[in-house]
Amino acid sequence: MDTNEYHIAVEEFSDRLYRFALKLCKNESISRDFVQDAFEKVWIKKDTINFEKVKSYLFRTLYNGFIDYTRKSKVISIEDHHIDPYTTTQNHDVNEVLHKALNQLSEIQRSAVLLKDYEGYNYKEIGDILEINETQVKVYIYRARKHLQKFIGKIDAVI
């Protein structure tokens with residue numbers, strides 16, 4: 001693809017790409033960024049891209065960029081939603097929240113989780129330490145993790 005064909009692609013597909021991006025993310029400025037990134041990638045690879053396939057390349061590139069963005073946003077939004085010292089008036093310590101969650105577990109669940117996740121013992125070793133069988137260890141750890149997940153998922157109630 002030469003420079004002239006690149007300019008033709010910009011003229012033909014920029015509006016459609018923008019509308020597609022806007023439907024995906026529902027944010028005008030981010031949509032413009034996706035379109036710009038897609039055209040930038042085409043410009044970088046213009047010598048290897050066939051002009052007849054530039055449309056599909058642009059849309060696929062934009063979509064892949066959107067997928068990457070949403071994956072990153074989920075991580076950021078979970079962190080921001082649960083523990084963000086800039087949006088809350090108080091700065092909450094992650095360890096404090098975790099200790100509150102752990103304190104709600106039964107003693108055996110708490111011990112099993114701490115031995116497994118913090119100390120790195122395997123199920124057999126934990127069973128020997130707590131004097132229970134491996135199956136019971138797995139059940140206690142599973143239930144404890146579910147409780148912790150539920151508790152931390154409702155961290156707004158703690159904050």
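Since the structure is predicted, the reported quantities are computational estimates derived from the model, not experimental observations. The analysis underlying the following values was restricted to heavy atoms, covering all of them including side chains, and did not include hydrogens, waters or symmetry mates.
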So, do Lys138 and Tyr142 sit near enough that their side-chain heavy atoms are less than 4.5 Å apart?
no
Between CZ of Arg145 and CG of Leu105, what distance do you get to the nearest 0.5 Å?
11.5 Å
For Arg143, does the CZ atom sit with more than 12 other heavy atoms under 6.0 Å from it, leaving out its own atoms?
no
Quick check for you: to the nearest 0.5 Å, what is the distance between Asp37 atom CG and Asp68 atom CG?
10.5 Å
Ser31 side, atom OG; Gln36 side, atom CD - distance, nearest 0.5 Å
12.5 Å
Between the CG atom in Leu148 and the CD atom in Gln109, the distance rounded to the nearest 0.5 Å is 8.5 Å
Could you tell me whether the side chain of Ile132 reaches within less than 4.5 Å of the side chain of Val137, counting heavy atoms only?
yes
From CD1 (Ile141) to CD (Gln136), nearest 0.5 Å:
12.0 Å
Check: Gln104 and Lys150 side chains under 4.5 Å, non-hydrogen atoms
no
Closest non-hydrogen atom pair between Val10 and Ser14, with its separation:
O-OG, 2.8 Å
Closest contact, heavy atoms only, Asn133 versus Thr135:
OD1-N, 3.1 Å
Considering residues, nucleotides and ligands other than Lys41, do more than 12 of their heavy atoms fall under 6.0 Å from its NZ?
no
Is atom CD of Glu134 surrounded by more than 12 heavy atoms (other residues, nucleotides or ligands) closer than 6.0 Å?
yes
Please determine if Lys100 forms a cation-pi arrangement with Phe151, meaning its NZ or CZ atom is less than 6.0 Å from the six-membered ring centre and no more than 45° off the ring axis.
no
Is Phe13 close to Ile8 at the side-chain level, that is, under 4.5 Å between some pair of heavy atoms?
no
Linked, directly or transitively: Leu58 and Trp43 (ILVMFWY side chains, under 4.5 Å)
yes
What's the separation between atom NZ in Lys55 and atom CG in Leu17, rounded to the nearest 0.5 Å?
9.5 Å
Do Glu12 and Val54 have side-chain heavy atoms sitting under 4.5 Å apart?
no
With respect to Leu62, which candidate in Phe39, Tyr18, Phe34, Tyr57 satisfies the side chain to side chain contact (heavy atoms under 4.5 Å, CB included) definition?
Phe34
Taking the side chain as everything from C-beta on, heavy atoms only, tell me whether Met1 gets closer than 4.5 Å to Val42.
yes
